Amino acid sequence: MFGIIKNRRRARLMQTPLPPQWRAIIDANAPLCTRLPAPLRTELEGRVQVFLNEKEFEGCAGQAITDDVRVTVAALACLLLLNRENDFYPRMGSILVYPNAFRVKHRHVDEHGFETEVEEENLGEAWERGSVILSWEDALIDAREPDDGFNVAIHEFAHQLDMEDGYPNGTPLLADKEKYQRWQEVMTREYEALKRLADTLDDYPPDYWDNEFRPRHVHADVLDVYGAEDPAEFFAVATEAFFEDALRLKAHHRELYAALSDYYCLDPAAWVPA
Ligand SMILES: [Zn+2]
């Protein structure tokens with residue numbers, strides 16, 4: 001019964017036009033969305049309505065939750081949901097927004113069982129238990145530059161898709177066994193190649209991973225080598241490149257582009273202005 005009510009509500013919201021001022025926010029802050037073919041743009045706006053109706057936003061460290069924040073984040077989140085059946089990040093209930101890079105405490109237990117709390121500076125996080133955390137400053141800078149391959153909001157929402165099946169392992173929910181097999185083949189090959197690249201990079205400081213505040217990006221390929229950390233980061237990083245560096249990803253990582261295009265049911269390379 002609840003499912004029927006929810007679906008009806010969503011169908012109604014999908015048909016509710018966005019206020020012009022919200023449309024203007026998307027155009028100004030998320031220029032990637034201005035490239036969408038008309039039917040996808042219409043779908044995006046409907047999904048933004050559903051997303052804003054269902055998800056909570058919480059401002060942290062004094063961050064105000066304005067329409068600017070809500071609509072921009074919703075548009076980027078919904079970009080990853082277009083053109084395919086999905087349940088609007090069912091495990092994620094809230095988005096926590098900080099004004100800028102935030103410090104988070106992680107509990108770390110070493111091999112001797114000693115527990116320490118490590119504080120890290122961070123731009124975005126996706127928690128399995130249902131929240132995305134973003135630095136608004138960084139989310140906005142990334143969103144306003146649609147062609148540099150970096151987008152922290154897209155990155156964090158990709159983690160949410162990855163965790164939809166309960167496992168943050170770089171494999172989101174796929175339709176059937178064949179697709180899982182193909183995904184494993186392509187992703188493993190591409191991930192291993194990125195790891196090899198990461199190992200050989202001269203400008204990749206040896207203490208990179210230990211550095212409390214890592215240099216933001218070490219860019220040696222279409223893919224940010226941060227994706228070499230583990231398969232989950234690989235999927236998030238590859239998704240950023242898929243949306244924000246589509247032509248180069250397609251040219252240099254044809255199979256990876258095809259796998260992502262098959263999963264997202266989108267072809268962002270076709271949207272890039274000539
Ligand atoms: Zn990540």
Side-chain angles (χ1 to χ4, degrees), residues 9-84 86 88-89 92-102 123-126 131-161 236 239-240 242-246 264 266 268 270-273:
R9 191 190 61 230
R10 283 180 176 177
R12 182 171 43 77
L13 285 163
M14 287 291 294
Q15 301 301 321
T16 309
L18 279 194
Q21 62 272 29
W22 288 12
R23 210 168 266 158
I25 289 172
I26 296 176
D27 291 346
N29 291 350
L32 201 51
C33 301
T34 64
R35 297 177 181 175
L36 292 171
L40 289 178
R41 174 65 191 236
T42 305
E43 184 191 335
L44 180 86
E45 296 189 0
R47 288 195 181 274
V48 165
Q49 293 277 28
V50 177
F51 189 92
L52 292 177
N53 179 266
E54 296 186 7
K55 310 300 181 190
E56 296 285 335
F57 281 75
E58 195 183 317
C60 305
Q63 175 64 47
I65 298 301
T66 57
D67 281 353
D68 225 29
V69 172
R70 295 171 75 242
V71 174
T72 305
V73 172
L76 294 167
C78 292
L79 191 60
L80 276 57
L81 304 180
L82 293 175
N83 211 24
R84 63 194 179 87
N86 64 81
F88 289 89
Y89 305 102
M92 187 205 70
S94 59
I95 299 97
L96 277 56
V97 188
Y98 284 79
N100 35 46
F102 48 89
L123 310 174
E125 280 208 335
S131 290
V132 158
I133 315 175
L134 290 170
S135 147
W136 172 237
E137 182 185 36
D138 294 281
L140 190 58
I141 289 171
D142 284 2
R144 284 186 172 163
E145 171 46 77
D147 291 307
D148 66 352
F150 299 121
N151 190 310
V152 67
I154 286 179
H155 180 107
E156 300 309 330
F157 287 110
H159 278 315
Q160 287 297 328
L161 293 174
T239 296
E240 286 180 83
F242 178 69
F243 283 100
E244 286 220 343
D245 204 356
Y264 284 111
L266 296 172
W271 314 338
V272 180

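For clarity, every value in this text was computed on a predicted model and none was experimentally measured. For this chain, numbers begin at 1 and follow the sequence in order.
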Mind listing the closest non-hydrogen atom pair of [X] and [Y] along with its distance?
X    : Y    : result
V48  : C78  : N-SG, 3.8 Å
S131 : S94  : OG-OG, 2.8 Å
W136 : V97  : CB-CG1, 3.6 Å
L18  : R23  : O-NH2, 3.8 Å
L76  : A143 : CD1-CB, 3.8 Å
L79  : L44  : N-CD1, 3.5 Å

Just how far is it from atom [atom1] of [X] to atom [atom2] of [Y], taken to the nearest 0.5 Å?
X    : Y   : atom1 : atom2 : value
L140 : N29 : CG    : CG    : 5.0 Å
L134 : L96 : CG    : CG    : 9.0 Å
L82  : L40 : CG    : CG    : 5.5 Å
F51  : M92 : CZ    : CE    : 4.0 Å
E58  : Q63 : CD    : CD    : 12.0 Å
W22  : E45 : CH2   : CD    : 11.0 Å

Side-chain donor/acceptor of [X] to backbone N/O of [Y], under 3.5 Å:
X    : Y    : answer
E240 : N151 : yes
Q49  : T16  : yes
K55  : I95  : no
E156 : A158 : no
D142 : V152 : yes
N83  : L266 : no

Exercise for the section: Take N86 and R47, measure what side-chain contact (heavy atoms from CB on, under 4.5 Å) needs, and give me the verdict at the end. Expected result: CA-CA 11 Å; N86 64 81; R47 288 195 181 274; 3.6 Å; yes
Problem - Heavy-atom check, side chain of E137 versus side chain of P99, under 4.5 Å - result: no
Problem - Close side-chain approach of E244 to D148, heavy-atom, < 4.5 Å - result: yes
Exercise for the section: Give the ring-plane orientation class for Y89 versus F157, where under 30° counts as parallel, over 60° as perpendicular and anything between as tilted. Expected result: tilted
Exercise for the section: For the pair F243 and Y264, name the ring-plane relationship: parallel under 30°, tilted 30 to 60°, perpendicular over 60°. Expected result: perpendicular
Exercise for the section: For the pair M14 and E43, evaluate side-chain contact (heavy atoms from CB on, under 4.5 Å) and give the outcome as yes or no after the intermediate values. Expected result: CA-CA 7 Å; M14 287 291 294; E43 184 191 335; 4.0 Å; yes
Exercise for the section: Flag yes if more than 12 heavy atoms outside E56 fall under 6.0 Å of its CD atom; otherwise flag no. Expected result: no
Handout entry: Evaluation steps, side-chain contact (heavy atoms from CB on, under 4.5 Å), between E54 and L13
Key = CA-CA 11 Å; E54 296 186 7; L13 285 163; 5.6 Å; no
